[in-house]
Amino acid sequence: MEKLYYTADEVAEMVGVGRTTAYGIVKKLNKELEKDGFLVIGGKLPKEYFDKRYFGGSHPKEGIA
């Protein structure tokens with residue numbers, strides 16, 4: 001089964017930032033989702049939403065599990 005969420009550690013690796021910065025990105029994007037009425041999981045971010053907001057909808061999947 002394919003995972004639906006990225007963890008903050010995965011976000012850090014993909015965008016080349018530290019763990020603290022990645023948690024800030026996850027928190028910010030989760031706040032956007034909450035504002036739109038979605039339920040969120042702390043420290044995790046839906047892959048589809050992250051790819052849309054950060055990569056413009058398409059993510060180079062190389063090396064990402």
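The structure presented is a predicted model; accordingly, all values stated were derived computationally and were not measured. Heavy atoms only: backbone and side chains are in, while hydrogens, waters and symmetry mates are out.
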Apart from Tyr23 itself, residues in the same hydrophobic cluster as defined by side-chain heavy atoms under 4.5 Å: none
The single option from Val40, Asp51, Leu33 passing side-chain contact (heavy atoms from CB on, under 4.5 Å) against Pro46: Leu33
ILVMFWY clustering at 4.5 Å (side-chain atoms), partners of Leu4: Tyr5, Ile41
Sequence neighbours excluded, every pair satisfying side chain to side chain donor-acceptor pair (under 3.5 Å) that has a member inside residues 32-43: Lys28-Glu32, Glu32-Tyr49, Glu32-Arg53
Check: Thr7 main-chain N/O paired with Glu10 side-chain donor or acceptor under 3.5 Å: yes
Interatomic distance, Tyr54 atom OH to Leu29 atom CG [nearest 0.5 angstrom]: 10.0 Å
Pair Glu48-Lys52, side chain to side chain contact (heavy atoms under 4.5 Å, CB included): steps then yes or no: CA-CA 6 Å; Glu48 186 175 326; Lys52 177 182 171 188; 5.7 Å; no
Below 3.5 Å, can you tabulate the donor-acceptor pairs from side chains in residues 14-22 to any protein atom, sequence neighbours excluded?
{"unit_1": "Arg19", "atom_1": "NE", "unit_2": "Asp9", "atom_2": "OD1", "d": "2.9"}

